[in-house]
**Q** 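Encoded as structure tokens, here's the structure I'll be asking about.
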Amino acid sequence: MTVPVFRFAPSPNGHLHLGHAYSALLNQRMAGETGGRLLLRMEDIDLERCTPELEQTMLEDLQWIGLEWGTPVRRQSEHLTIYQEALNKLIRMDLVYPAFLSRSDIKRETGRIAGNKDNWPRDPDGALLYPPGDRHLSKRERDQRIGAGQPFSWRLNMEHAFEYVGEPLSWIETAPQEHIVPARPQDWGDVIVARKDMPTSYHLSVVIDDALQGITHVVRGKDLFHATSVHRLLQQLFGIEPPVYHHHALILDRDGQKLSKSRKDTALRELREEGKTRQDIYRFVGL
Ligand code: GLU
């Protein structure tokens, strides 16, 4: 029988808060209950915002709340060539294209096509779907722009990817109980698979890493529920066996808002300095 493998995958771009503590400890509890292992991954592809100091602080905070993880810790910034290879595969399959529009270009262009950008569809995170123009550029035009140094990201041609897969996708979700969720990657339009100046994006690296680390159970916040549709599509394109997913409820602040890394009062660091104990943290997050 294979041993279940769980992971906690924070981005070291700020301090951990109670929401992270809940996610990490829930992973630990579920790994314990199933005789599984827990791995830790630093999702640090944002080289500007993620720093070794913040990572060090995260490791200390995680130790303080009693998290125990298998080593080594995987750092995404150390594996950029692996993501580049995955991206190259998508380029060879002709499923991605260089996308030149900046965020303000997207606003302008969708407003122009739809009369008003508010009439344009948005993805589950509320961002405007990428307009079709760049998808249809000729190879010559693309090469010219790239040659002229115009910045671009790589976007998935959702329509082609869909055709390539040729069958409806779904995933096994265990929150609140086990059930099948139909995947709807089309709701995201042409998602970014590699950012400007980076051979990857959150979606691409998370899929590659979960596979390489042998993750069987992804336990993460509900805010990433819809992203799983994109992950299922990428897994299918790469021939990756999907893990089981568990999207847990989020810890909210008193106003019902998602906690953020910029808030001080729920940061683990602050709570520790105030004299709170590990037991207090367990109690605060309801574990
Ligand atoms: N790095 C992501 C975050 O900190 C989590 C990614 C995941 O669990 O899939 O929100």
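In this text the structure is predicted, and so the values were computed from the model without any measurement. As the structure lists them, so they are numbered: ligands from 1, and atoms in each ligand from 1.
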**Q** Do D134 and R155 meet the salt-bridge criterion of a basic N to acidic O distance under 4.0 Å?
**A**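 Salt bridge: no.
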**Q** Angle class for the W154/F152 ring planes (parallel below 30°, perpendicular above 60°, tilted otherwise)?
**A**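 If you compare the ring of W154 with that of F152, the planes turn out perpendicular.
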**Q** Hydrogens and angles aside, do R220 and H248 bring a side-chain donor and acceptor to less than 3.5 Å of each other?
**A**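 R220 vs H248: no donor-acceptor pair found between side chains.
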**Q** Would R7 and N27 count as a side chain to side chain contact (heavy atoms under 4.5 Å, CB included) if you check the C-alpha gap in whole Å, the side-chain angles of each, and the deciding distance to 0.1 Å?
**A** CA-CA 7 Å; R7 66 9 171 227; N27 265 286; 5.5 Å; no
**Q** Below 3.5 Å only, please: the N or O atoms of ligand 1 paired with protein N or O atoms, distance on each line.
**A**
from     : atom 1 : to   : atom 2 : distance (Å)
ligand 1 : 1 (N)  : A9   : O      : 2.7
ligand 1 : 1 (N)  : S11  : OG     : 3.2
ligand 1 : 1 (N)  : E43  : OE1    : 2.7
ligand 1 : 8 (O)  : R7   : NH1    : 2.7
ligand 1 : 9 (O)  : R7   : NH2    : 3.0
ligand 1 : 9 (O)  : Y202 : OH     : 2.9
ligand 1 : 9 (O)  : R220 : NH1    : 2.9

**Q** Got a sec: does the CG of N116 have more than 12 other heavy atoms crowding it under 6.0 Å?
**A**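 Yes.
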**Q** Could you label the plane-to-plane angle of the H217 and F6 rings as parallel, tilted or perpendicular, counting under 30° as parallel and over 60° as perpendicular?
**A**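 Rings of H217 and F6: parallel, as their planes differ by under 30°.
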